[in-house]
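Owing to the predicted nature of the structure, the values given are computational and were not obtained by experimental measurement. FYI, side chains are in, hydrogens and waters are out, and symmetry mates aren't considered; it's all heavy atoms of this structure. Numbers for residues simply follow the sequence, beginning at 1.
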Amino acid sequence: MSWSGFKKTVNRAGTTLLQKTGQIERTVDRDFADEETKYKAFEKECQQLQKESKGYLDAMRAMTSAQGRLADTIDVFYGAADKSSEGAMAAHAYKRGVDDLDTGVGRELDAPYRTTIMEPLGKMNAYFPVVNEHIAKRNKKMLDYDSARSRMNKLINKPSEDPTKLPRAQQEHDDAKEVFDMLNDQLISEIPQLLDLRVPFFDPSFEAMIRMQCKFAEEGYEKLSGVQRYFADNVRDDYAAGQLDAQVEGVLQEMRELTICGAQ
């Protein structure tokens, strides 16, 4: 940092302190404050959306991977007893279906999801540091303007014996005000334009997300429902009639009534 830059930083820190103690008036622009509040909310939402979108993709990978490990275990479990049994064939069919789903996540969900959702989110979030930099610069120039206005007002209220001080202070005030107004007006104009883009910008991403989720759910149902053809006819009928839940509960109750552990 140069010496002039260091002096400006110190002066701005002093101005901030004097404003907190009420010795220097602070510029308040309601229009800018309103736009900044909306912008900060949008920034937070986009960052959260990016985080949750990545979490969804990671969860889909984790879910299909967990299904794959589960299918491997079930396939070994049934196959070890009798590879030609209906249970073994169903377990093997389940494993094939789950493997296809896991492959489908990488082939049909991962890359399109990144292209249509994660990349647009990344691009939008990349704008925020630039906007924040301009907001920070605007705030620094506001401190310079407030400080120059305070010096000018002091000379107006208590004239100096040096007749050149007031014109010089007036010029510093005018220059500082011009720079501040330019940055302030630019942000008041451009922040709403950025916010207005959010719906048309994210519309395609939202539609793509819904389509991909539907496609994945449909393919999952199609692949896993095919396993049912290896079940006995009465099992399929009981499933369709909603009787399997009662049968499972009956088996669990029988297990609860066993007294092998702790038997006298």
Side-chain angles (χ1 to χ4, degrees), residues 47-122 125 202-264:
Q47 291 172 344
Q48 184 67 22
L49 189 58
Q50 187 176 36
K51 178 182 177 182
E52 297 299 340
S53 296
K54 182 179 182 302
Y56 172 80
L57 185 58
D58 290 343
M60 293 297 290
R61 291 174 180 154
M63 185 268 291
T64 55
S65 295
Q67 275 187 316
R69 294 190 296 272
L70 179 64
D72 287 339
T73 302
I74 293 175
D75 190 35
V76 171
F77 180 82
Y78 278 96
D82 184 358
K83 291 185 178 182
S84 63
S85 68
E86 291 181 341
M89 289 189 288
H92 190 62
Y94 175 64
K95 184 180 183 309
R96 286 201 311 271
V98 167
D99 287 345
D100 287 345
L101 279 179
D102 193 25
T103 302
V105 168
R107 183 183 64 250
E108 300 173 3
L109 182 66
D110 193 295
Y113 191 90
R114 289 183 175 279
T115 301
T116 61
I117 296 168
M118 297 306 300
E119 288 182 10
L121 276 168
N125 278 301
F202 285 125
D203 261 353
S205 295
F206 180 63
E207 182 178 350
M209 177 180 286
I210 298 300
R211 288 181 180 275
M212 279 185 281
Q213 288 182 358
C214 286
K215 179 176 175 58
F216 185 78
E218 289 169 356
E219 288 190 355
Y221 179 81
E222 179 183 347
K223 293 181 185 303
L224 296 183
S225 62
V227 179
Q228 294 184 59
R229 71 175 181 269
Y230 295 99
F231 295 161
D233 292 342
N234 64 308
V235 172
R236 292 200 299 270
D237 293 341
D238 287 347
Y239 177 79
Q243 296 177 9
L244 284 185
D245 288 343
Q247 294 176 17
V248 170
E249 183 57 35
V251 172
L252 290 175
Q253 184 59 37
E254 291 177 6
M255 294 173 66
R256 295 188 193 103
E257 294 172 357
L258 293 176
T259 56
I260 297 174
C261 296
Q264 298 297 323

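With a 6.0 Å radius and a threshold of 12 heavy atoms from other residues, nucleotides or ligands, Gln213 has its CD atom above the threshold. Atom OH of Tyr78 has 12 or fewer heavy atoms from other residues, nucleotides or ligands within 6.0 Å. For Tyr56, the OH atom is densely surrounded, since the number of other residues' heavy atoms within 6.0 Å is greater than 12.
Here the CG-CE distance, from Leu49 to Met118, works out to 8.5 Å after rounding to the nearest 0.5 Å. In this structure, CD on Gln50 lies 8.0 Å from OG on Ser53, to the nearest 0.5 angstrom. Rounding to the nearest 0.5 angstrom, the gap separating the CE atom in Met60 from the OG1 atom in Thr64 is 7.0 Å. Note: Ile117 CD1 to Phe202 CZ = 11.0 Å, rounded to the nearest 0.5 Å. The line from CE of Met63 to CG of Leu70 is 12.0 Å long, rounded to the nearest 0.5 Å. For the atom pair Asp72 CG and Gln67 CD, the distance stands at 11.5 Å (nearest 0.5 Å).
A salt bridge links Asp110 and Arg114; the closest N-O separation between the charged side-chain nitrogens and carboxylate oxygens is under 4.0 Å. Contact check on Asp58 versus Arg61 returns a salt bridge, with a Lys/Arg side-chain nitrogen under 4.0 Å from an Asp/Glu carboxylate oxygen.
Put simply, the side chain of Tyr94 never gets that close to the backbone of Asp75: no donor and acceptor are under 3.5 Å apart. Put simply, the side chain of Thr116 never gets that close to the backbone of Ser205: no donor and acceptor are under 3.5 Å apart.
Under the salt bridge (charged side-chain N to carboxylate O under 4.0 Å, His left out) criterion, Lys215 pairs with Glu219, not counting sequence neighbours.
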- Message: Working note: Asp99 + Lys95, criterion salt bridge (Lys or Arg N to Asp or Glu O under 4.0 Å); need CA distance, chi angles, decisive distance, verdict.
- Response: CA-CA 6 Å; Asp99 287 345; Lys95 184 180 183 309; 3.0 Å; yes
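In terms of heavy atoms, Tyr113 sits closest to Met209 at OH-CE, 3.7 Å. Scanning all heavy atoms of the two residues, the minimum distance from Ile74 to Ala91 falls at CG2-CB, 3.6 Å.
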